[in-house]
Amino acid sequence: MFLSVFDLFKIGIGPSSSHTMGPMTAARRFLDEVAGDDWPRPAGAKVDRVAASLHGSLAYTGIGHGSDRAVVLGLAGQMPQTVDPDQADSIVDRIAADKRISPPGHPSYRFDPATDLVLDRKTPLSGHANGMAFSAYDADDRLLLKRIYYSIGGGFVVSEEELQRMKVKGSVTTEGKKVPYPFKNAVEMLSMAAKSGLSIADMKRVNEETQMPREELDAGLDGIWSAMKSCIERGLSQDGIMPGGLKVRRRARRLHDKLQEQWQQNRPNPLLANDWLSIYAMAVNEENAAGGRVVTAPTNGAAGTLPAVLRYWLHFHPEADQPSIRDFLLTAAAIGGIIKTNASISGAEVGCQGEVGSASAMAAAGLCAVMGGTPEQVENAAEIALEHHLGMTCDPVGGLVQVPCIERNALGAVKAVTAASLAIKGDGVHFVPLDAAIETMRQTGLDMNEKYKETSLGGLAVNIVEC
């Protein structure tokens with residue numbers, strides 16, 4: 001199994017990897033296909049109008065997650081990793097006024113978001129809870145091309161055909177990529193580590209270096225951490241009300257200022273590390289909620305947990321250095337790849353256990369590794385963190401990635417550090433294997449009622465109104 005560290009850690013914009021980055025990517029893919037020659041069309045037919053519909057979870061929480069806005073941006077030719085968050089609203093407003101899109105390299109197409117972009121709650125698509133359909137029509141409104149895509153979590157997008165191949169062969173990201181350590185579960189990972197004498201990070205590095213030079217890999221890892229760090233810093237500098245209508249106020253900056261005062265006064269605070277962890281995580285997820293630039297880790301909704309733990313490592317451990325940051329990310333990506341391959345990182349599929357639970361497991365593994373943990377201790381740390389998120393629902397109030405998502409990342413970070421600390425003090429022998437916890441998460445997700453899987457139809461999303 002090869003799932004690159006750059007597949008799991010992708011730079012994009014908030015508030016959601018599956019509901020914002022995914023639809024934007026799908027819309028851009030459709031544009032590319034419209035411009036290509038790989039689809040049959042009547043002689044002389046030209047695309048004059050495009051349309052899109054969002055289904056399942058994307059329809060239920062699309063407005064709060066910015067899915068509609070993301071589709072418009074994607075059809076305008078934007079991509080999550082390059083779109084300027086500060087210019088996004090003006091692009092969307094201009095298209096709504098003109099009722100046309102003019103993506104680079106294309107002619108102008110008719111597209112009125114008010115009528116050509118439908119949130120269809122009545123017609124789920126069979127492949128995945130996050131389904132999208134895109135259509136192209138000629139000047140007489142005859143259908144020329146229709147494509148279905150699924151946003152399967154963490155910004156990953158697959159076509160209907162790719163999804164079918166995945167169900168037969170496994171993740172599409174494995175195709176054509178042979179690596180020296182192709183572990184697809186934790187048992188194989190530990191066996192390969194024992195035989196090779198390498199750490200999990202070292203095995204992951206060897207796999208990655210079959211795809212790119214070491215210098216490129218290190219530069220990419222440094223770029224991922226730089227984007228995470230910048231997101232923390234921006235989150236700590238911002239104030240005010242987050243968008244969406246809930247009128248939730250940012251708290252990270254105010255809490256950060258209070259902690260700085262205590263730090264300078266040298267006052268004892270037994271909860272100091274937990275406080276810093278929470279503030280770092282909240283800063284990231286407040287930025288995510290505001291549509292800022294974030295890194296999927298492994299998703300946007302769980303983007304704050306891992307950067308918070310990594311920043312904690314740099315803050316409280318004097319031995320922390322640049323190589324350790326890379327090892328942290330490589331180890332975390334190895335665990336994230338196993339989870340994604342054998343279960344899911346999508347809240348619409350398995351609830352928040354697949355998002356914050358996976359992020360906490362990845363962060364715990366990364367921290368345990370850089371603290372000197374053996375592969376067995378690293379696997380134990382990931383299992384502890386994941387086990388204690390099992391059953392967590394995804395129930396965002398108002399369909400926004402704010403309540404309870406922001407605080408949930410903070411607690412996920414605290415659990416990750418606790419899990420790493422417990423594991424590093426043991427010998428790696430433990431009762432519940434990581435693979436069992438991952439399989440339990442998968443089964444729990446299948447059993448979970450749909451209203452608890454990113455539809456905002458259950459849990460806090462409905463009860464907060466009554467309270």
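The shown structure was predicted, so the numbers you read here are calculated from the model rather than taken from an experiment.
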Nearest heavy-atom contact between S17 and T296 is CB-CG2, 3.7 Å
Which of N185, L386, T341 passes side-chain contact (heavy atoms from CB on, under 4.5 Å) with I438? It is L386
Going by atom types only, do E160 and Q164 share a side-chain donor-acceptor pair under 3.5 Å? no
Give me the atom names and distance for the closest heavy-atom approach of N300 to N285. O-ND2, 3.6 Å
Value rounded to 0.5 Å, distance of CG in L73 from CG in D68: 9.5 Å
Exercise: identify the closest heavy-atom pair between W225 and L310: CE3-CD2, 3.5 Å
What is the minimum heavy-atom distance between L3 and G337, and which atoms define it? CD2-CA, 3.6 Å
Basic-acidic side-chain contact under 4.0 Å: E33, R29: no
Does R293 pair with D84 as a salt bridge, N-O distance under 4.0 Å? no
Only pairs under 3.5 Å count here: list side-chain donor-acceptor contacts from residues 397-408, not counting sequence neighbours, and write none if there are none.
residue : atom : partner : partner atom : Å
Q402    : NE2  : P243    : O            : 2.7
E407    : OE2  : R251    : NH1          : 3.2
E407    : OE2  : R251    : NH2          : 2.6
R408    : NH1  : T393    : O            : 2.7
R408    : NH2  : D395    : OD1          : 3.4

In plain terms, say whether D141 and R110 are close enough for a salt bridge, that is, a side-chain N and a carboxylate O under 4.0 Å apart. yes
Could you check whether K204 pairs with E208 (Lys NZ or Arg NE/NH1/NH2 to Asp/Glu carboxylate O, under 4.0 Å)? yes
Give the minimum heavy-atom separation between V350 and Q353, together with the two atoms involved. O-NE2, 2.9 Å
Between E355 and T299, is there a side-chain donor-acceptor contact under 3.5 Å, judged purely by atom types and distance? yes
Quick one: pull up NE2 in H389 and NZ in K415 and give me the separation to the nearest 0.5 Å. 4.0 Å
In terms of relative ring orientation, are Y149 and F134 parallel, tilted or perpendicular, with 30° and 60° separating the classes? perpendicular
Would you say the side chain of P298 lies within less than 4.5 Å of the side chain of M362, judging by non-hydrogen atoms? yes
Going by atom types only, do D120 and T123 share a side-chain donor-acceptor pair under 3.5 Å? yes
Under-4.0 Å salt bridge between E209 and R205: yes
How many angstroms lie between atom OG of S191 and atom CZ of F183, to the nearest 0.5 angstrom? 11.5 Å
Here's one to test your reading of the geometry: is the NZ or CZ of K340 within 45 degrees of the ring axis of F156 and under 6.0 Å from its centre? yes
Please find the pair of heavy atoms, one from M282 and one from A410, that lie closest to each other, and give the distance. CG-CB, 4.2 Å
Go through the side-chain N and O atoms of S151 and H19 and say whether any donor and acceptor fall under 3.5 Å apart. no
Answer yes when R28 and D32 have at least one side-chain N-carboxylate O distance shorter than 4.0 Å, and no when they do not. yes
Salt bridge flag under 4.0 Å for residues K46 and D138: no
Going by an N to O cut-off under 4.0 Å, is there a salt bridge joining R311 and E233? yes
Verify whether one side chain among D222 and Q322 offers a donor that lies under 3.5 Å from an acceptor in the other. yes
Would you compute the distance between atom CZ of R249 and atom CD1 of I241 and round it to the nearest 0.5 angstrom? 4.0 Å
Any side-chain donor paired with an acceptor under 3.5 Å for S199 and D202? yes
